[in-house]
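These notes are about the structure you will find just below.
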Amino acid sequence: MSALRSLALAAADSPRLQRFVQRYGFRLGAARFVAGETLDDAVPVLRRLNDDGLLTNTTLLGEGVRDEAETRAVVGAYTEVLDRIHTEGLRTNLAVKLTHLGLSIDEELAHRNVSELVEHAASVGNFLRMDMEESRTVDATLRIYRRLREEGHANVGTVLQAYLFRTEDDLAALLPLAPNLRIVKGAYLEPPEIAYPQKRDVDAAYARLMEASLERGGFTAVATHDETLIEHAIAFAREREIPSERFQFQMLYGVRPRLQLDLVRRGFDVLVATPYGTEWYRYLMRRLAERPANLLFFARSLLRR
Ligand SMILES: Cc1cc2nc3c(=O)[nH]c(=O)nc-3n(C[C@H](O)[C@H](O)[C@H](O)COP(=O)(O)OP(=O)(O)OC[C@H]3O[C@@H](n4cnc5c(N)ncnc54)[C@H](O)[C@@H]3O)c2cc1C
């Protein structure tokens, strides 16, 4: 793992750096990856992406909430987002973090909060995906996913991370549910005891998971900007005659926008993950960690101001 990646991911947990970057960073760097600080900022961005033929999801940024009342406010905010998507006629669904909805406090609380949102999403014909966070949250996230499906909710999905050794077993256990899964490489700092440290091993695991999910899962979101893996998915789907309704590509707002549009022109569904909110610091640090060039660019613009 590159030293810069570790540094940026460690910086994601530094309150001092957060205060500094939060003061200056939005204009200087965060605006590239975040659709704005309010829902009103995000709506025109989502609409423009939709007008370009891209599907979108949105996330109110925030994670690791430790106060129950705050998690209720997050449920209220997302309810408003779902209603706004509905009235604006946007092709946008939700991606939420369970630690934003109380998972760091109590699994039952997170389950109650997320079920309320999944129900509300169903009432307006929408869908909600639970992101995957640090490895300590994986068991609870998968338990909540399973529970929601067993309770009869069909409009919910979650995420599997290729860098974790455990993920192939997790996928095998989920397949009987015909799960709706987003496959990602994984964005957090994880120890070599549980996660592949080498990029080539992560990429190989990604290809295996993607193939298994495409072939035997319900719906697969191939969420990567890695063109080799994207072409691999296209060739695999064509060869196995996997219908186009059973998968889509997903990328992040601000990352490889031309590739996003090229895939739309080639007839594929592409969803752009488009978060907003004032709590963009940790999200930005993870984006910087993914590409050392971003980190250097961002550091230079901070110093230049
Ligand atoms: C829609 C979506 C949802 C995600 N959800 C989760 C989640 O729930 N949990 C989780 O752990 N991770 C999540 N991730 C992040 C993911 O785990 C990776 O950290 C991230 O996608 C970078 O890996 P990559 O697959 O693009 O491949 P890489 O091999 O890292 O990148 C391939 C190429 O893409 C470009 N690229 C990648 N990242 C950036 C960037 N930040 N800036 C500029 N160029 C870049 C570069 O050209 C790079 O060479 C998500 C990613 C996407 C696209």
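Counting convention: from 1, in listed order, for ligands and their atoms alike. Hydrogens, waters and symmetry mates are skipped; everything else that's a heavy atom, side chains included, is used.
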With a 4.0 Å cut-off on N to O distance, would you call E63 and R286 a salt bridge?
yes

Taking the side chain as every heavy atom from C-beta outward, state whether R282 and D13 have any atom pair closer than 4.5 Å.
yes

Between ligand 1 and the protein, which N/O pairs fall short of 3.5 Å?
unit_1	atom_1	unit_2	atom_2	d
ligand 1	5 (N)	R182	NH1	2.9
ligand 1	8 (O)	M132	N	3.0
ligand 1	8 (O)	R182	NH1	3.3
ligand 1	9 (N)	M132	O	2.8
ligand 1	11 (O)	Q161	NE2	2.9
ligand 1	11 (O)	A187	N	3.0
ligand 1	17 (O)	G186	N	2.6
ligand 1	19 (O)	E290	OE2	2.6
ligand 1	25 (O)	T224	OG1	2.6
ligand 1	26 (O)	H225	N	2.9
ligand 1	26 (O)	H225	ND1	2.7
ligand 1	27 (O)	K185	NZ	3.1
ligand 1	29 (O)	K185	NZ	2.7
ligand 1	29 (O)	K199	NZ	2.6
ligand 1	41 (N)	R287	O	3.0
ligand 1	41 (N)	E290	OE1	2.9
ligand 1	42 (N)	N294	ND2	2.7

Please identify each residue that fulfils side chain to side chain donor-acceptor pair (under 3.5 Å) with S213, with sequence neighbours left out.
T220

L271: hydrophobic cluster co-members (side-chain, 4.5 Å):
L55

Does the ring center of F33 lie less than 6.0 Å from the ring center of Y283?
no

Side chain to side chain donor-acceptor pair (under 3.5 Å) partners for T141, two or more places apart
none

